[in-house]
Participant: 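Got a structure for you, questions after.
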Amino acid sequence: MEVRGRGPRGEAPWKKLSKEELENQYSPSRWVIRRGAEETLRTYSRIGEEATKNARATRRSLLHVPYGDGEGEKLDIYFPEEVSEASPFCLFFHGGYWQSGSKDTSAFMVNPLTTRGVAVVIVAYDLAPKAPALRAGTLDQMVDQVTRSIAFVQKQYPCNEGIYLCGHSAGAHLAAMMLLANWTTHGVTPNLKGFFLVSGIYDLEPIVYTTQNAPLLMTLEGAQQNSPQLLLEAALTRPSDPACHVLVTVGQHDSPEFQRQSREFYQTLCRGGWNASFEEIRDADHFEIIWNLTQQDSVLTQMILRTILREH
């Protein structure tokens, strides 16, 4: 069954765009509505820095915890006031096109979630420009790191009341790849209860033809091997836990290509038997959608809390 409005793979809508328009569609800062691109990026960084500084000052935490041997393989754990190993845990993977961003400026959701009894883990992974060698396996490395970070949290807190994954933009791609993870090689099956995929990229093929690919050096084959959209379309297996909820969200003012990718990924999830839902967050662009997670009453914060807390 084809997604409505889309032909076979060779007729993917993005293939009809000029090189300039494709670049435009996959440049999120060009679509902001209330600020200029540079001011938006500065604001995004400032809010992330302030949220992280506030979280580290007001919450009990374990910072820079290694989940592997690599220099970049570290995570921060923020606990609710009543610390319990049986808390639900929400892991956050930052965006930045796999080449920028940091766990040290990404604690957006910490205070709103820990206030409600949810432990929050902010995960770092090696970025493309910092990789020892820029090869096609760079994305493979990031996916492996994210997989191992989740296995680490499960092993450290085996009595958790559920592990939830939240990713923004490139981080949403990495979180979505976990829908297909093979946990047997990690010696543990994480207690995954939900995914919150925010303004993500699920088909990496268009990125190959943009300047965003310069530090990634991603080949077409590499893009296909790391595209959850394509992998899920071909997957024969069903979800191991039918109750695991996948929330796909995108901003009303995200670019049309980001919106298309989110809707098509949601539809692919539904066809695959996943318990999925889709939400367009009104009056939010690619950056506001995530920095609004600092607010307890934001639409997306409330969606995340309802999903987590109704489990308990």
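Heavy atoms only: backbone and side chains are in, while hydrogens, waters and symmetry mates are out.
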Participant: Do the side chains of V188 and L192 join up, straight or via other hydrophobic residues, at under 4.5 Å, putting them in one cluster?
Facilitator: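 Different hydrophobic clusters.
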Participant: Atom CZ of F93 and atom NE2 of H173: how far apart are they, to the nearest 0.5 Å?
Facilitator: 12.5 Å
Participant: Roughly how far apart are I308 CD1 and R306 CZ, rounded to 0.5 Å?
Facilitator: 12.0 Å
Participant: Roughly how far, to the nearest 0.5 Å, is the CG atom of D140 from the CG atom of N226?
Facilitator: 4.5 Å
Participant: Of the non-hydrogen atoms in S277 and L247, which two are nearest, and what is the gap between them?
Facilitator: OG-CD1, 3.3 Å
Participant: Mind checking side chain to side chain donor-acceptor pair (under 3.5 Å) for T115 and listing every partner two or more places apart, or none if nothing turns up?
Facilitator: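 Listed in chain order: R59.
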Participant: Sequence neighbours excluded, which residues qualify as salt bridge (charged side-chain N to carboxylate O under 4.0 Å, His left out) partners of R30?
Facilitator: none
Participant: What are the two closest heavy atoms between E205 and L230, and how far apart are they?
Facilitator: OE2-CD1, 3.4 Å
Participant: Going by salt bridge (charged side-chain N to carboxylate O under 4.0 Å, His left out), name the residues that satisfy it together with E257, two or more places apart in sequence or in a different chain.
Facilitator: R260
Participant: Measure from the side-chain N and O atoms of S262 to the backbone N and O of Q259, and report whether any donor-acceptor pair falls under 3.5 Å.
Facilitator: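 Side chain of S262 to backbone of Q259: no pair is present.
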Participant: Taking distance alone, no hydrogens or angles, what donor-acceptor pairs closer than 3.5 Å link side-chain atoms of residues 60-67 to residues at least two apart or in another chain?
Facilitator:
residue, atom, partner, partner atom, Å
H64, ND1, K103, NZ, 2.7
Y67, OH, A124, O, 2.7

Participant: Taking only residues two or more places apart in sequence, or in another chain, which ones meet F265 in a ring-ring contact (aromatic ring centres under 6.0 Å, His included)?
Facilitator: Y202
Participant: State, yes or no, whether a side-chain contact exists between H253 and H286 at a heavy-atom distance under 4.5 Å.
Facilitator: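 When only atoms from C-beta onward are counted, H286 and H253 do not touch, as no gap falls below 4.5 Å.
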Participant: Does R148 have any salt bridge (charged side-chain N to carboxylate O under 4.0 Å, His left out) partners at least two apart in sequence or in another chain, and if so, which?
Facilitator: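 Partners of R148 by the salt bridge (charged side-chain N to carboxylate O under 4.0 Å, His left out) criterion, ordered by chain and then number, come out as E73, D144.
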Participant: Carefully, step by step, assess L165 and I163 under the rule side chain to side chain contact (heavy atoms under 4.5 Å, CB included).
Facilitator: CA-CA 7 Å; L165 308 184; I163 290 178; 3.9 Å; yes
Participant: Could you grab the distance from atom CG of N111 to atom OG1 of T58, nearest 0.5 Å is fine?
Facilitator: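 Interatomic distance, N111 CG to T58 OG1, rounded to 0.5 Å: 4.0 Å.
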Participant: Looking at Y44, F108, W31, which one forms a ring-ring contact (aromatic ring centres under 6.0 Å, His included) with F287?
Facilitator: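 Only one option passes, and that is Y44.
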Participant: Calculate, to the nearest 0.5 Å, the distance between atoms CD and CD belonging to Q267 and E233 respectively.
Facilitator: 11.0 Å
Participant: Tell me, with the steps shown, if I122 and Y78 meet side chain to side chain contact (heavy atoms under 4.5 Å, CB included).
Facilitator: CA-CA 8 Å; I122 312 297; Y78 298 89; 3.9 Å; yes
Participant: If you count every heavy atom of other residues, nucleotides or ligands that lies below 6.0 Å from K53 atom NZ, does the total exceed 12?
Facilitator: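 Incorrect, the count does not exceed 12.
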Participant: State, with a plain yes or no, whether a side-chain heavy atom of L293 is found less than 4.5 Å away from one of I304.
Facilitator: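 SC-SC contact between L293 and I304 confirmed.
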Participant: Identify the two heavy atoms, one from T301 and one from P112, that lie closest to each other, and give their separation to 0.1 Å.
Facilitator: CG2-CB, 3.9 Å
Participant: Could you tell me whether the side chain of C270 reaches within less than 4.5 Å of the side chain of F278, counting heavy atoms only?
Facilitator: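 Heavy-atom side-chain distance check fails, nothing below 4.5 Å.
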Participant: Would you confirm whether Q252, through its side chain, and A284, through its main-chain N or O, come within 3.5 Å as a donor-acceptor pair?
Facilitator: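 Answer holds: no.
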Participant: What's the spacing between N54 CG and R56 CZ if we round to 0.5 Å?
Facilitator: 12.0 Å
Participant: Could you give all pairs that pass the salt bridge (Lys or Arg N to Asp or Glu O under 4.0 Å) test and reach residues 209-227, with sequence neighbours left out?
Facilitator: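 Checked against salt bridge (Lys or Arg N to Asp or Glu O under 4.0 Å) - neighbours excluded - no pair reaches residues 209-227.
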Participant: Taking the six-membered ring for Trp, are Y125 and H94 closer than 6.0 Å centroid to centroid?
Facilitator: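 Close enough - the centres of the two rings lie under 6.0 Å apart.
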Participant: What pair of heavy atoms forms the shortest contact from C244 to N275, and how long is it?
Facilitator: O-CB, 3.5 Å
Participant: Considering only heavy atoms from C-beta outward, does the side chain of E81 approach that of T114 to under 4.5 Å?
Facilitator: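 When only atoms from C-beta onward are counted, T114 and E81 do not touch, as no gap falls below 4.5 Å.
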Participant: Please identify each residue that fulfils side chain to side chain contact (heavy atoms under 4.5 Å, CB included) with S18, with sequence neighbours left out.
Facilitator: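 By the side chain to side chain contact (heavy atoms under 4.5 Å, CB included) rule, S18 matches E20, E21.
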Participant: For M177 and V146, run side chain to side chain contact (heavy atoms under 4.5 Å, CB included): C-alpha distance rounded to whole Å, both residues' side-chain angles, the deciding distance at 0.1 Å, then the answer.
Facilitator: CA-CA 9 Å; M177 288 293 287; V146 166; over 6 Å; no
Participant: Holding to side chain to side chain contact (heavy atoms under 4.5 Å, CB included), I want the full list of residues that pass it with A181, two or more places apart in sequence or in another chain.
Facilitator: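 Partners of A181 by the side chain to side chain contact (heavy atoms under 4.5 Å, CB included) criterion, ordered by chain and then number, come out as T147, M178, W183.
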Participant: May I ask you to decide if Q261's main-chain N or O and Q229's side chain share a donor-acceptor pair within less than 3.5 Å?
Facilitator: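 Such a contact is absent between Q229 side chain and Q261 backbone.
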Participant: Measure across A55 and A107 and return the closest heavy-atom pair with its distance rounded to 0.1 Å.
Facilitator: CB-CB, 4.3 Å
Participant: When you compare the side chain of L269 with that of L232, does any pair of heavy atoms fall below 4.5 Å?
Facilitator: yes
Participant: So do L300 and N292 actually touch side chain to side chain, heavy atoms under 4.5 Å?
Facilitator: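 When only atoms from C-beta onward are counted, L300 and N292 do not touch, as no gap falls below 4.5 Å.
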Participant: Any chain of hydrophobic side-chain contacts (each under 4.5 Å) joining Y26 to I33?
Facilitator: no
Participant: Please state whether the rings of Y164 and F196 are parallel, tilted or perpendicular, taking 30° and 60° as the class boundaries.
Facilitator: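 Rings of Y164 and F196: parallel, under 30°.
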Participant: If we only count heavy atoms from C-beta on, is the L305 to L113 side-chain gap below 4.5 Å?
Facilitator: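 The answer is yes, as the side chains (C-beta and beyond) meet within the 4.5 Å cut-off.
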Participant: Does any part of the side chain of L139, heavy atoms only, come nearer than 4.5 Å to the side chain of L204, both counted from C-beta?
Facilitator: yes
Participant: Using side chain to side chain contact (heavy atoms under 4.5 Å, CB included) as the criterion, list what pairs up with Y209, not counting sequence neighbours.
Facilitator: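 Applying side chain to side chain contact (heavy atoms under 4.5 Å, CB included) to Y209 gives W14, L22, L220.
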Participant: Among all residues two or more places apart in sequence or in another chain, which pass the salt bridge (charged side-chain N to carboxylate O under 4.0 Å, His left out) test with E50?
Facilitator: R46
Participant: Quick one: does any side-chain atom of N213 pair with a main-chain N or O of M218 as donor and acceptor, under 3.5 Å?
Facilitator: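 Answer holds: yes.
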Participant: Where do I281 and D254 land on the side chain to side chain contact (heavy atoms under 4.5 Å, CB included) test, with the steps shown first?
Facilitator: CA-CA 10 Å; I281 306 302; D254 263 306; over 6 Å; no
Participant: Taking only residues two or more places apart in sequence or in another chain, which ones pass side chain to side chain contact (heavy atoms under 4.5 Å, CB included) with N191?
Facilitator: Q154, N160, K193
Participant: Taking all non-hydrogen atoms of both residues, which atom of S106 and which atom of S102 are closest, and how far apart?
Facilitator: OG-O, 2.5 Å
Participant: Any chain of hydrophobic side-chain contacts (each under 4.5 Å) joining F92 to L309?
Facilitator: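 Same cluster: F92 reaches L309 through Ile, Leu, Val, Met, Phe, Trp or Tyr contacts under 4.5 Å.
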Participant: Evaluate salt bridge (Lys or Arg N to Asp or Glu O under 4.0 Å) for D285 paired with R35, printing each intermediate quantity in order.
Facilitator: CA-CA 11 Å; D285 62 36; R35 301 168 175 83; 5.9 Å; no
